[in-house]
**Q** 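Pasting a structure here, questions to come.
Atoms within each ligand, like the ligands themselves, are counted from 1 in listed order.
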Amino acid sequence: MKLKIAVIPGDGIGPDIISEGLKVLGEVAMKFGHRLDFSFYLAGGSALDALNIPLPESTILGCKDADAVLLGAVGGPKWDHLSGHLRPEQALLGLRSALGLFCNLRPAILHPELSSACPLKEELIEGGLDIMVVRELTGGIYFGKRGISEDGLSAYDTMSYSVSEVERIAIKAFEIAMKRGKKVLSVDKANILESSRLWRKTVETVAKNYPEVTLSHMYVDNAAMQLVRNPRQFDVIVTTNMFGDILSDEASMITGSIGMLPSASLKEDNFGMYEPIHGSAPDIAGLDKANPIATILSCAMMLRHSFHLEEEAASVEKAVTTVLEKGYRTGDIYSKGMKSVGTKEMGSLIAQEIVNTNKK
Ligand code: NAD
């Protein structure tokens, strides 16, 4: 199979971690007989330096022409003085909207080997955690009508959802649940908000097409509490843009390691943009210190969600687990007694594990 991928290394540690993601994809392609077609594009600070805009039209066109996008991270102190549409981060918002990416997947996975990084009590996370937050990305209060009064003494934002917006994100959540623990929790505030009542009713209608999946509902305030009280109860959480923004950050923090967590932003079809959840970490850029695992796991998500290559995706995830089990750690996840490695060595160890493991 040909895997046509638009690659945006971006700024700071972006190029460091993307190299390791590509290394791992190279091993996967070799082992499973796929052909890789990478095209490289600028976005963020690197695009500002070269072309004076954070998101060049050529990048948007190149991404649209590919089957999937792999992004490192953008931004850094060099461009902090810029404001408004010139900020490097505008490239992220611009890409999401230009590419129609309405569904954000943020897995919060705590590997049992890294449980000491988790701020929760040991008995709450025994055996690790594996939660998938499915967040609606292009609707709700962040995109609703807003305004401020002339005297500046009052302001408003509007939360609005249509049935079709809820349907498409609910379908994604149920499809993902079918491949996991067959449980969906829909998070809303249906005791107060009209838009939440429409959300809940629509999710229930979609659920009828997935009789094998158990659907439950929770108010957002309770969900925020339950995530730290008993996180193992969760499998797939589907929620609105704002609730998902807050809950996915909370879920990722309970895993304790920003360098480990991948993400995907998807369209209705197979197209998606894949990126680590962390930023460009300018403090460690180019020093061979960045943890490439979040990016490597983003590549696994790409194999699964854009190319439907489940065995290939699982082989990458298994390779990451094996390398962690063998005790290799980058600085951000290092603890006493472990083997300290840099970005490149971590990438090579994971790539080598893919070579070592037998194909099914
Ligand atoms: P950050 O995530 O870049 O860094 C926070 C801390 O985590 C730093 O100490 C950093 O060294 C560490 N860290 C991050 N990723 C790591 C990794 N893979 N391995 C080891 N350590 C890692 O967040 P920040 O410092 O708030 O932001 C830095 C820049 O990144 C800013 O310009 C910000 O706007 C931008 N940013 C970009 C994105 C994105 O591109 N998606 C997301 C968040 C922040």
**Q** Can Asp80 and Arg87 be counted as an ion pair, charged N to O under 4.0 angstrom?
**A** yes
**Q** For the CG atom of Leu71 and the CG atom of Leu92, what is their distance to the nearest 0.5 Å?
**A** 6.0 Å
**Q** Please list all pairs meeting side-chain hydrogen bond (donor to acceptor under 3.5 Å, both in side chains) that have one or both residues in residues 175-184, counting only residues at least two apart or in different chains.
**A** Asp130-Arg180, Glu175-Tyr210, Arg180-Asp235
**Q** In terms of side-chain geometry, is the basic nitrogen of Glu325 or Lys318 positioned less than 4.0 Å from the acidic oxygen of its partner?
**A** no
**Q** Considering only distance and modelled atom types, tabulate donor-acceptor pairs under 3.5 Å from the side chains of residues 5-16, sequence neighbours left out.
**A**
{"from": "Asp11", "atom 1": "OD1", "to": "Gly45", "atom 2": "N", "distance (Å)": "3.4"}
{"from": "Asp11", "atom 1": "OD1", "to": "Ser46", "atom 2": "N", "distance (Å)": "2.8"}
{"from": "Asp11", "atom 1": "OD1", "to": "Ser46", "atom 2": "OG", "distance (Å)": "3.4"}
{"from": "Asp11", "atom 1": "OD2", "to": "Gly45", "atom 2": "N", "distance (Å)": "2.7"}
{"from": "Asp11", "atom 1": "OD2", "to": "Gly75", "atom 2": "N", "distance (Å)": "2.7"}
{"from": "Asp16", "atom 1": "OD2", "to": "Gly286", "atom 2": "N", "distance (Å)": "2.8"}

**Q** Show the protein residues that qualify under the rule heavy atom under 4.0 Å from an atom of ligand 1, listing them in chain and number order.
**A** Ile13, Ala73, Val74, Gly75, Gly76, Glu89, Leu92, Ile258, Gly259, Glu275, His278, Gly279, Ser280, Ala281, Pro282, Asp283, Ile284, Ala290, Asn291, Asp332
**Q** Under the rule for salt bridge (Lys or Arg N to Asp or Glu O under 4.0 Å), what residues qualify as partners of Lys64, not counting sequence neighbours?
**A** none
